[in-house]
Amino acid sequence: GAAATLVLAGCSGGSSSGSASGGSDGGYKIAFVQGVAGDEFYISMQCGIQDEAAKEGATVTTQGPEKFDPTLQKPIVDAVVASKPDALLIAPTDVSAMQAPIAAAEAAGIKVVLVDTTLEDPSGAVSQISSDNEGGGAAAFKAIQDANPNGGKVLVVSVDPGISTTDARAKGFEDAVAEDSKFESVGVQYSHNEPSTAAEIVTAALQKDPDIVGIFAANLFAAEGSATGVQQAGKQGAVTIVGFDAGPAQVKALQAGTVQALVAQEPATIGSDGVKQAIAALKGESTEEKIQTGFTILTKDNINGEGKDAVYKSS
Ligand code: T6T
């Protein structure tokens, strides 16, 4: 059926509902296509988008595929293009597979803003907005380094090759590992965004290399599964887990001590910046080709204080 714009309890302002009909009030129609539905990172981004759109009198429709998978995301984009919005904010699920469907949107005159992830060739888009993913990966290694001054083996649990964000995080992490001779990477493995697969990867890796001291989990679902895997292996406390993202479950894991640090992105800012860039383009104003948003390292020490605001919304 038609994508309804949800009113999210977690969004500020309360006036962010918009109307799914759009257009009739003269406001711009914005479509948001998430990397995957139900992911707290994209839910928080949706809040940022809706809040900013409400300020501009624009309406937002949000949709996401059931899995982080270009074969599921493409038909959503095709349907969005057919519905003729003024702008499309999208997190492409693959740097190459999503190139053609997004080019079709651009060819149809829709202003495209790439939020979070990007494409191999982003030149048709108005703007690309994302975290410093490589820097975040390097920061994740630093957290493992601090907790393990004697060094040791480390593992990366990523999502799938071809995702710009998680690939950059893994690269930033691996490059930093290569600069410290006390550490050795046992490599990057791919969980396909399934926590159960991430857990299996971790239990198998710990069986093969029982001396692994640190695991970098490159997104929410990798972190969820990695924590489970370490617990199943009975290695809790012996292995440092650093996860990207800060959903409510990850924060609980941090507080419980099953995860040692989180790299919290700023999804709502990515979303609001995305709306600003789209509207600037629609008004014929100047736009920024690339915007990098910040991140915060959350630990047990700051999560109840300054780090509290960095936690993602779940609805
Ligand atoms: O880490 C985020 C996002 O930045 C990445 O592109 C995909 O995974 C998340 O949505 C978290 O699950």
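Order of appearance sets the numbers: ligands from 1, and atoms from 1 within every ligand.
Counting heavy atoms under 4.0 Å from ligand 1, residue Asp39 touches it through the side chain alone. With a 4.0 Å cut-off on non-hydrogen atoms, Glu40 does not touch ligand 1 at all. When heavy-atom distances to ligand 1 are checked against a 4.0 Å cut-off, Phe244 has no atom that comes that close, whether in backbone or side chain.
Where the criterion is an N or O separation shorter than 3.5 Å, residue side chain and backbone included, Thr166 fails it with respect to ligand 1. For Gln265, a nitrogen or oxygen atom sits less than 3.5 Å from a nitrogen or oxygen atom of ligand 1, counting backbone and side chain alike.
Looking only at side-chain heavy atoms (C-beta outward), Val202 and Val230 come within less than 4.5 Å of each other. Between Glu134 and Asp175, some side-chain heavy-atom pair lies under the 4.5 Å cut-off. Looking only at side-chain heavy atoms (C-beta outward), Val154 and Asn148 stay at 4.5 Å or farther from each other.
With Thr197 contributing its side chain and Asn193 its backbone, the two residues share no donor-acceptor pair below 3.5 Å. Counting only distance, with no hydrogens or angles, the side chain of Gln277 and the backbone of Gly274 share no donor-acceptor pair below 3.5 Å.
Listed by number with element, the atoms of ligand 1 under 4.0 angstrom from any heavy atom of Phe221 are 12 (O). Here is the list of ligand 1 atoms found below 4.0 Å of a heavy atom in Thr165: 5 (C), 6 (O). Less than 4.0 angstrom separates some heavy atom of Thr117 from each of these atoms of ligand 1: 6 (O).
Nearest protein heavy-atom contact of atom 3 (C) of ligand 1 is Asp116 OD2, 3.3 Å. The protein atom (non-hydrogen) at minimum distance from atom 8 (O) of ligand 1 is Asn219 ND2, 3.0 Å. Among all protein heavy atoms, the one lying closest to atom 1 (O) of ligand 1 is Asp245 OD2, 2.5 Å.
Residue contact check for ligand 1: Arg169 places a non-hydrogen atom closer than 4.0 Å to it.
Between the side chains of Glu174 and Ser185, a donor-acceptor pair is found at a separation under 3.5 Å.
With respect to the salt-bridge test (charged N to carboxylate O, under 4.0 angstrom), the residues Asp167 and Lys171 do not qualify.
Under the 6.0 Å cut-off for aromatic ring centres, Phe141 and Phe183 qualify, their centroids lying closer than that.
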